[in-house]
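Everything numeric here is computed off the predicted structure, so don't read it as measured data. What's counted below: heavy atoms across the whole structure, side chains too, no hydrogens, waters or symmetry copies.
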Amino acid sequence: MASVSTPARQAATGSRRAGFRRATATDRRRSPGGAGWLFATPFLVFFTLFLIVPIGIGLWMSFTDASLTGHGDNAFVGLDNYTEAFGDSQVWQTLGNTVWFTVLTTVPLVVIALVMALLVYTGMPGQWLWRLAFFASHLLPVAVVYQIWSMLFQPDRGMLNSLLGIIGIDGIAWLTDEKYAMWSIALVTLWWTVGFNFLLYLAALQAIPDHLYEAAALDGAGAWRRLWSVTLPQLRRTTALIAVLQLMASLKVFDQIYLLSKGGPNGATRPILEYIYDTGFTNYRLGYASAVSYVFFGLIIILSIAQLKIFSRRED
């Protein structure tokens, strides 16, 4: 018996077909690839050309005797450069200087930035002025920072020694005495870069929900208890981020040390990146400099992963 097509059945069938067509079009729009890769292509091209390719070339170069003068034959030497790097006393000395600089700067740049953000967040008068003052130094290029602090560190006419003379303390050879040179550069770095960490902490403080403080106040918590029980736990992720970023930035120090002290006196402030620079572009040993740089790169990766795991365990 032939089925009878009623208007209602035709409408239902058309509705199902339209729904099928709409679902098909939606699935096609949601399918991966397509236009997304087209928009990502410029970034991927530049990422490959300026990061992946140089990394590959540098890694291959670390296994050769490549020279900047071009007189070498770029012969493959295997692990000889790496063996020499682990036995090079200059590598260990400059690495020790880099680690010492990292110790001097990482903790203060986290703690002082947090204190600055808390002072502004709690409602100090003239907040816009404090925000500008705390962050303005971070906007200065390293050459300007060098000019400012080289004048402040002048042994005879510098402002710091003049202030010490007023209170009866003899002047200090800030950049030419091995006891004070690294401390002086750490002070410059603290003044120059603390503004960025301050801004991250201030943004994190403003994102803390107000109801947490209200609940703590209803429970009778004072200002210090709210700081320890509400504010600091809510800032744990931001602290982990800042600590990791600061660790990597301190380990990669080069600019301010090279301009202020040239690695002196007697190599007391010479970081490992300056040794890599001198080896590759002064002594023309590109292959060996590449090997040292990859050893240092591996150390940074290991420390960063370890630090992230430590903070993640504390958070759990």
Less than 4.5 Å apart, any side-chain heavy atom of [X] and any of [Y]?
X: Leu79; Y: Phe63; answer: yes
X: Ser184; Y: Phe153; answer: yes
X: Asn97; Y: Gln93; answer: yes
X: Leu187; Y: Leu104; answer: no
X: Tyr258; Y: Leu273; answer: no

How close do [X] and [Y] get, heavy atom to heavy atom, and via which atoms?
X: Tyr82; Y: Ser62; result: OH-OG, 2.7 Å
X: Asn197; Y: Ala113; result: CB-CB, 3.4 Å
X: Gly58; Y: Ser290; result: O-CB, 3.6 Å
X: Thr238; Y: Ala204; result: OG1-CB, 3.3 Å
X: Arg226; Y: Ala217; result: NH1-CB, 4.3 Å
X: Ser304; Y: Leu247; result: N-CD2, 4.4 Å

How would you list, by chain and number, every residue that makes a salt bridge (charged side-chain N to carboxylate O under 4.0 Å, His left out) with [X], sequence neighbours excluded?
X: Glu178; answer: none
X: Asp278; answer: Arg270
X: Arg285; answer: Glu84

* **Check against side chain to side chain contact (heavy atoms under 4.5 Å, CB included), Leu202 and Phe134** => CA-CA 11 Å; Leu202 185 60; Phe134 289 158; over 6 Å; no
Co-membership, hydrophobic cluster, residues [X] and [Y], 4.5 Å side-chain:
X: Trp92; Y: Ile276; answer: yes
X: Tyr277; Y: Ile57; answer: yes
X: Leu129; Y: Val194; answer: no
X: Val110; Y: Leu119; answer: yes
X: Leu132; Y: Ile112; answer: no

How long is the gap from [atom1] on [X] to [atom2] on [Y], to the nearest 0.5 Å?
X: Leu205; Y: Thr122; atom1: CG; atom2: OG1; answer: 9.5 Å
X: Tyr146; Y: Gln256; atom1: OH; atom2: CD; answer: 13.5 Å
X: Ile300; Y: Ile305; atom1: CD1; atom2: CD1; answer: 12.0 Å
X: Leu118; Y: Tyr121; atom1: CG; atom2: OH; answer: 9.5 Å
X: Leu232; Y: Gln234; atom1: CG; atom2: CD; answer: 10.5 Å
X: Leu190; Y: Trp183; atom1: CG; atom2: CH2; answer: 11.5 Å

* **Validation row, ring centre Trp191 to ring centre Trp149 under 6.0 Å** =>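 Yes, they do, as the ring centres are separated by less than 6.0 Å.
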Please identify each residue that fulfils side chain to side chain donor-acceptor pair (under 3.5 Å) with [X], with sequence neighbours left out.
X: Asp80; value: none
X: Thr239; value: Tyr201
X: Thr105; value: Ser250
X: Thr231; value: Tyr213

* Asked: For Tyr288, which of Thr279, Asn81, Asp88, Asp65 qualifies under side chain to side chain donor-acceptor pair (under 3.5 Å)?
  -> Asp88
* List, by chain and then residue number, the residues other than Phe46 in its hydrophobic cluster (Ile/Leu/Val/Met/Phe/Trp/Tyr, side-chain heavy atoms under 4.5 Å); write none if there are no others. =>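 Besides Phe46, the hydrophobic cluster comprises Val45, Leu49, Phe50, listed by chain and residue number.
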* Phe135: hydrophobic cluster co-members (side-chain, 4.5 Å) -> Leu139, Leu199
Counting heavy atoms not belonging to [X], are there more than 12 under 6.0 Å from its [atom1]?
X: Tyr294; atom1: OH; answer: yes
X: Tyr284; atom1: OH; answer: no
X: Phe86; atom1: CZ; answer: no

* Between Leu175 and Ile185, does a side chain to side chain contact (heavy atoms under 4.5 Å, CB included) hold up when you go through it step by step? -> CA-CA 8 Å; Leu175 297 174; Ile185 295 174; 4.3 Å; yes
* To do: State which residues pass side-chain contact (heavy atoms from CB on, under 4.5 Å) with Leu286; sequence neighbours excluded, sorted by chain then number.
  => Met61, Ala66, Leu68
* To do: Mind running side chain to side chain contact (heavy atoms under 4.5 Å, CB included) on Phe296 and Leu95 for me, showing each step along the way?
  => CA-CA 8 Å; Phe296 183 54; Leu95 182 60; 4.1 Å; yes
* To do: Any chance you could lay out the side chain to side chain contact (heavy atoms under 4.5 Å, CB included) test for Asp255 and Val145, step after step, and finish with the verdict?
  => CA-CA 10 Å; Asp255 298 351; Val145 175; over 6 Å; no
For residues 159-172, tabulate all N or O donor-acceptor pairs below 3.5 Å that involve a side-chain atom, not counting sequence neighbours.
| residue | atom | partner | partner atom | Å |
| --- | --- | --- | --- | --- |
| Asn161 | OD1 | Ile172 | N | 2.9 |
| Asn161 | OD1 | Trp174 | NE1 | 3.0 |
| Asn161 | ND2 | Pro155 | O | 2.9 |
| Asn161 | ND2 | Ile172 | O | 3.2 |
| Ser162 | OG | Gly158 | O | 2.9 |

Extract all donor-acceptor atom pairs below 3.5 Å that involve side chains of residues 218-225 and protein atoms in other chains or at least two apart in sequence.
| residue | atom | partner | partner atom | Å |
| --- | --- | --- | --- | --- |
| Arg225 | NH1 | Ser229 | OG | 3.4 |

